[in-house]
Participant: 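Structure incoming, see below.
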Amino acid sequence: MTDEVDRIIAAWQLEAPGLDTEPLAVLSRVSRLARHLDLARKQCFAAHGLEVWEFDVLAALRREGPPYELSPGELIHQTLSSSGTMTNRIDRLTARGLVERDTNPADRRGVRVRLTPDGSAAVGAALDDLVGYERTVLEPLDAATQQQLATTLRDLLTPFETSDEI
(Lines give C-alpha, C1' and ligand atoms only; values in the text may rest on other atoms or scores of the structure.)
Protein backbone atom coordinates (compact mmCIF):
# COMPACT_ATOMS: atom_id res chain seq x y z
CA MET A 1 0.00 0.00 0.00
CA THR A 2 1.36 3.45 -0.90
CA ASP A 3 0.36 6.91 0.20
CA GLU A 4 1.03 10.48 -0.87
CA VAL A 5 4.30 10.56 1.07
CA ASP A 6 5.57 7.55 -0.91
CA ARG A 7 4.80 9.49 -4.10
CA ILE A 8 6.57 12.60 -2.77
CA ILE A 9 9.67 10.61 -1.80
CA ALA A 10 9.75 8.84 -5.17
CA ALA A 11 9.58 12.20 -6.94
CA TRP A 12 12.45 13.57 -4.81
CA GLN A 13 14.53 10.47 -5.49
CA LEU A 14 14.16 11.12 -9.22
CA GLU A 15 14.75 14.86 -8.95
CA ALA A 16 17.56 14.72 -6.38
CA PRO A 17 18.98 11.17 -6.40
CA GLY A 18 21.60 11.85 -3.71
CA LEU A 19 19.13 13.33 -1.23
CA ASP A 20 18.53 11.27 1.92
CA THR A 21 14.73 11.27 2.08
CA GLU A 22 14.45 8.95 5.10
CA PRO A 23 13.28 11.73 7.49
CA LEU A 24 10.46 12.53 5.08
CA ALA A 25 9.10 9.00 5.43
CA VAL A 26 8.30 9.66 9.09
CA LEU A 27 7.93 13.39 9.58
CA SER A 28 5.97 14.13 6.41
CA ARG A 29 3.46 11.52 7.53
CA VAL A 30 3.30 13.06 10.99
CA SER A 31 2.79 16.50 9.42
CA ARG A 32 0.11 15.32 7.01
CA LEU A 33 -1.69 13.39 9.75
CA ALA A 34 -1.60 16.48 11.98
CA ARG A 35 -3.22 18.55 9.22
CA HIS A 36 -5.98 15.97 8.73
CA LEU A 37 -6.58 15.81 12.49
CA ASP A 38 -6.61 19.62 12.76
CA LEU A 39 -9.32 19.81 10.10
CA ALA A 40 -11.37 17.13 11.86
CA ARG A 41 -10.98 18.91 15.20
CA LYS A 42 -12.14 22.19 13.67
CA GLN A 43 -15.28 20.45 12.37
CA CYS A 44 -15.89 18.71 15.70
CA PHE A 45 -15.55 21.90 17.71
CA ALA A 46 -17.56 23.97 15.22
CA ALA A 47 -20.46 21.55 15.73
CA HIS A 48 -20.41 22.74 19.36
CA GLY A 49 -20.01 26.43 18.49
CA LEU A 50 -16.33 26.49 19.44
CA GLU A 51 -13.12 27.48 17.71
CA VAL A 52 -10.03 25.30 18.26
CA TRP A 53 -8.42 27.96 20.46
CA GLU A 54 -11.59 28.24 22.54
CA PHE A 55 -11.60 24.51 23.14
CA ASP A 56 -7.91 24.62 24.10
CA VAL A 57 -8.45 27.30 26.76
CA LEU A 58 -11.65 25.75 28.10
CA ALA A 59 -10.09 22.28 28.19
CA ALA A 60 -7.06 23.59 30.09
CA LEU A 61 -9.39 25.00 32.73
CA ARG A 62 -11.58 21.87 32.86
CA ARG A 63 -8.56 19.58 33.37
CA GLU A 64 -7.59 21.53 36.50
CA GLY A 65 -10.51 20.19 38.49
CA PRO A 66 -12.55 22.29 40.90
CA PRO A 67 -12.66 25.27 40.99
CA TYR A 68 -11.58 25.02 37.31
CA GLU A 69 -9.36 28.07 37.28
CA LEU A 70 -5.88 29.11 36.20
CA SER A 71 -3.89 32.30 35.93
CA PRO A 72 -3.45 33.82 32.48
CA GLY A 73 0.24 32.83 32.67
CA GLU A 74 -0.67 29.20 33.30
CA LEU A 75 -3.07 29.30 30.35
CA ILE A 76 -0.34 30.78 28.15
CA HIS A 77 1.97 27.91 29.08
CA GLN A 78 -0.64 25.20 28.56
CA THR A 79 -1.91 26.52 25.23
CA LEU A 80 1.43 27.68 23.76
CA SER A 81 0.17 31.20 23.13
CA SER A 82 1.48 34.70 23.84
CA SER A 83 0.39 37.13 26.54
CA GLY A 84 -1.39 39.48 24.14
CA THR A 85 -3.14 36.59 22.44
CA MET A 86 -4.30 35.16 25.76
CA THR A 87 -5.67 38.50 26.93
CA ASN A 88 -7.75 38.71 23.76
CA ARG A 89 -8.91 35.11 24.15
CA ILE A 90 -9.95 35.59 27.75
CA ASP A 91 -11.84 38.76 26.78
CA ARG A 92 -13.71 36.91 24.04
CA LEU A 93 -14.52 33.89 26.20
CA THR A 94 -15.70 36.19 29.00
CA ALA A 95 -18.00 38.02 26.56
CA ARG A 96 -19.51 34.64 25.57
CA GLY A 97 -20.06 33.70 29.22
CA LEU A 98 -17.74 30.67 29.00
CA VAL A 99 -15.19 31.96 31.53
CA GLU A 100 -15.05 34.65 34.16
CA ARG A 101 -12.21 36.71 35.57
CA ASP A 102 -11.62 37.17 39.26
CA THR A 103 -8.86 38.67 41.33
CA ASN A 104 -6.38 36.26 42.82
CA PRO A 105 -7.08 36.18 46.58
CA ALA A 106 -3.41 35.40 47.25
CA ASP A 107 -2.21 38.38 45.16
CA ARG A 108 -4.75 41.15 44.55
CA ARG A 109 -2.74 42.31 41.51
CA GLY A 110 -3.16 38.89 39.88
CA VAL A 111 -6.09 37.48 37.96
CA ARG A 112 -7.64 34.03 37.95
CA VAL A 113 -9.70 32.77 35.01
CA ARG A 114 -12.51 30.41 35.96
CA LEU A 115 -14.62 28.13 33.80
CA THR A 116 -18.36 28.85 33.99
CA PRO A 117 -21.05 26.14 33.91
CA ASP A 118 -21.76 27.05 30.26
CA GLY A 119 -18.05 26.74 29.45
CA SER A 120 -17.87 23.39 31.20
CA ALA A 121 -20.87 22.07 29.28
CA ALA A 122 -19.46 23.25 25.94
CA VAL A 123 -16.00 21.75 26.46
CA GLY A 124 -17.47 18.51 27.83
CA ALA A 125 -19.71 17.92 24.83
CA ALA A 126 -16.95 18.77 22.36
CA LEU A 127 -14.50 16.50 24.20
CA ASP A 128 -16.90 13.55 24.06
CA ASP A 129 -17.22 13.93 20.28
CA LEU A 130 -13.48 14.45 19.82
CA VAL A 131 -12.51 11.34 21.77
CA GLY A 132 -15.08 9.32 19.83
CA TYR A 133 -13.65 10.50 16.52
CA GLU A 134 -10.06 9.92 17.57
CA ARG A 135 -10.96 6.42 18.75
CA THR A 136 -12.16 5.61 15.22
CA VAL A 137 -8.93 7.03 13.75
CA LEU A 138 -6.92 4.60 15.88
CA GLU A 139 -9.13 1.54 15.23
CA PRO A 140 -6.76 0.04 12.62
CA LEU A 141 -4.07 -0.25 15.32
CA ASP A 142 -4.22 -2.83 18.11
CA ALA A 143 -3.74 -1.68 21.70
CA ALA A 144 -0.05 -2.62 21.83
CA THR A 145 0.69 -0.73 18.62
CA GLN A 146 -1.18 2.33 19.91
CA GLN A 147 0.88 2.24 23.12
CA GLN A 148 4.12 1.84 21.16
CA LEU A 149 3.19 4.72 18.87
CA ALA A 150 2.31 6.93 21.85
CA THR A 151 5.70 6.16 23.44
CA THR A 152 7.60 6.84 20.22
CA LEU A 153 5.79 10.13 19.61
CA ARG A 154 6.44 11.16 23.22
CA ASP A 155 10.14 10.53 22.65
CA LEU A 156 10.05 12.83 19.60
CA LEU A 157 7.91 15.50 21.25
CA THR A 158 9.67 15.77 24.62
CA PRO A 159 12.68 17.79 23.43
CA PHE A 160 10.32 20.39 21.96
CA GLU A 161 8.16 20.53 25.08
CA THR A 162 11.11 20.89 27.45
CA SER A 163 12.90 23.52 25.37
CA ASP A 164 12.46 27.26 25.80
CA GLU A 165 12.24 27.57 22.02
CA ILE A 166 8.96 27.12 20.19
Side-chain angles (χ1 to χ4, degrees), residues 4-5 26-107 109-141 143 145-166:
E4 185 62 22
V5 174
V26 174
L27 298 179
S28 289
R29 285 186 175 93
V30 169
S31 178
R32 292 177 69 82
L33 180 59
R35 290 180 68 157
H36 287 292
L37 293 174
D38 283 345
L39 291 172
R41 282 177 167 222
K42 284 179 187 176
Q43 291 175 345
C44 174
F45 300 151
H48 295 278
L50 296 173
E51 298 287 335
V52 172
W53 66 265
E54 290 174 314
F55 177 85
D56 288 345
V57 173
L58 298 175
L61 292 166
R62 183 65 179 86
R63 288 189 305 265
E64 282 303 303
Y68 308 110
E69 66 180 27
L70 291 167
S71 71
E74 292 165 324
L75 285 169
I76 289 166
H77 176 74
Q78 288 195 27
T79 62
L80 299 177
S81 57
S82 69
S83 178
T85 297
M86 186 53 64
T87 298
N88 181 281
R89 289 176 176 182
I90 293 168
D91 289 345
R92 291 172 65 184
L93 289 168
T94 299
R96 289 192 55 198
L98 300 176
V99 302
E100 55 192 16
R101 278 190 180 96
D102 201 2
T103 56
N104 183 345
D107 177 4
R109 295 171 295 157
V111 172
R112 301 294 290 173
V113 179
R114 184 178 308 114
L115 190 64
T116 66
D118 286 347
S120 183
V123 74
L127 179 63
D128 286 343
D129 285 353
L130 175 65
V131 170
Y133 169 75
E134 290 183 350
R135 187 173 287 112
T136 63
V137 168
L138 293 172
E139 278 179 0
L141 307 177
T145 303
Q146 288 182 37
Q147 184 59 47
Q148 180 183 9
L149 180 58
T151 299
T152 301
L153 291 172
R154 182 183 305 110
D155 291 344
L156 284 174
L157 182 60
T158 298
F160 291 96
E161 298 284 321
T162 57
S163 171
D164 290 337
E165 298 176 23
I166 293 181

Participant: Please walk me through it: do E51 and F45 pass side chain to side chain contact (heavy atoms under 4.5 Å, CB included)?
Facilitator: CA-CA 6 Å; E51 298 287 335; F45 300 151; over 6 Å; no
Participant: Determine, step by step, whether R154 and E161 satisfy the salt bridge (charged side-chain N to carboxylate O under 4.0 Å, His left out) criterion, reporting the C-alpha distance in whole Å, the side-chain angles of both residues, the deciding distance to 0.1 Å, and the verdict.
Facilitator: CA-CA 10 Å; R154 182 183 305 110; E161 298 284 321; over 6 Å; no
Participant: How many angstroms lie between CG in D102 and CD in E69, if you round to the nearest 0.5 Å?
Facilitator: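 Separation between the atoms: 7.5 Å.
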Participant: Would you say Q148 has more than 12 foreign heavy atoms packed within less than 6.0 Å of its CD?
Facilitator: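 12 or below, so no.
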Participant: Would the distance check show the side chain of T136 and the main-chain N or O of Y133 forming a donor-acceptor pair, the cut-off being under 3.5 Å?
Facilitator: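 Checked: pair present.
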Participant: What distance do D56 atom CG and L75 atom CG have between them, rounded to the nearest 0.5 Å?
Facilitator: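 Going from CG on D56 over to CG on L75, the span is 10.5 Å.
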Participant: Is a side-chain donor or acceptor of S31 paired with a backbone partner of L27 at a separation under 3.5 angstrom?
Facilitator: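 No, because the side chain of S31 does not come within donor-acceptor range (under 3.5 Å) of the backbone of L27.
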Participant: Which heavy atom of R92 sits nearest a heavy atom of W53, and at what distance?
Facilitator: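 Looking at all heavy atoms of both residues, the closest pair is CZ-CZ2, 3.6 Å.
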Participant: Take D38 and V52 through the side chain to side chain contact (heavy atoms under 4.5 Å, CB included) test and state the conclusion after the steps.
Facilitator: CA-CA 9 Å; D38 283 345; V52 172; over 6 Å; no
Participant: Can you tell me if Q146 uses its side chain to pair, donor with acceptor, with the backbone of L141 under 3.5 Å?
Facilitator: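 Yes, because the side chain of Q146 sits within donor-acceptor range (under 3.5 Å) of the backbone of L141.
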Participant: Measure across P72 and V111 and return the closest heavy-atom pair with its distance rounded to 0.1 Å.
Facilitator: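 Distance-wise, the nearest heavy atoms are CD-O, 3.2 Å.
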Participant: Mind checking the CZ-CG spacing from R41 to L39? Nearest 0.5 Å is all I need.
Facilitator: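 So the CZ of R41 and the CG of L39 are separated by 12.0 Å.
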Participant: In Å, rounded to the nearest 0.5 Å, how long is the span from CG of D129 to SG of C44?
Facilitator: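 These two atoms lie 5.0 Å from each other.
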Participant: Any chance you could measure T152, atom OG1, to L157, atom CG, to the nearest 0.5 Å?
Facilitator: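 Atom-to-atom, T152:OG1 and L157:CG are 12.5 Å apart.
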Participant: Which heavy atom of T87 sits nearest a heavy atom of R101, and at what distance?
Facilitator: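 Minimum heavy-atom contact is O-NH2, 3.7 Å.
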Participant: Checking T116 side chain against L98 main chain: does a donor-acceptor pair fall under 3.5 Å?
Facilitator: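 It does hold such a pair.
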Participant: Using modelled atom types and a 3.5 Å cut-off, is there a donor and acceptor pairing between side-chain atoms of S81 and backbone atoms of M86?
Facilitator: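 No; zero donor-acceptor contacts below 3.5 Å.
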Participant: Please examine the side chains of V131 and R135, heavy atoms only from C-beta on, and report whether any two atoms are closer than 4.5 Å.
Facilitator: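 Answer yes - side chains close enough.
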Participant: Supply the atom-to-atom distance L58 CG to R89 CZ, rounded to the nearest 0.5 angstrom.
Facilitator: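 One finds 11.5 Å between CG of L58 and CZ of R89.
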Participant: Testing the basics here: between L115 and G119, what is the closest heavy-atom pair and its distance to 0.1 Å?
Facilitator: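 Nearest heavy atoms, L115 then G119: CD1-C, 3.6 Å.
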Participant: Quick check against the 3.5 Å criterion: does E64 have a side-chain atom that pairs as donor or acceptor with the backbone of L70?
Facilitator: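 Here the side-chain-to-backbone pair does not exist.
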Participant: Testing the basics here: between S71 and R112, what is the closest heavy-atom pair and its distance to 0.1 Å?
Facilitator: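 The pair with the smallest heavy-atom distance is N-NH1, 3.3 Å.
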Participant: Shortest non-hydrogen contact from G49 to E54?
Facilitator: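 Scanning both residues completely, I find the closest heavy atoms to be O-OE1, 4.0 Å.
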Participant: Is there a side chain to side chain donor-acceptor pair (under 3.5 Å) between R114 and Y68? Walk through the geometry before answering.
Facilitator: CA-CA 6 Å; R114 184 178 308 114; Y68 308 110; over 6 Å; no
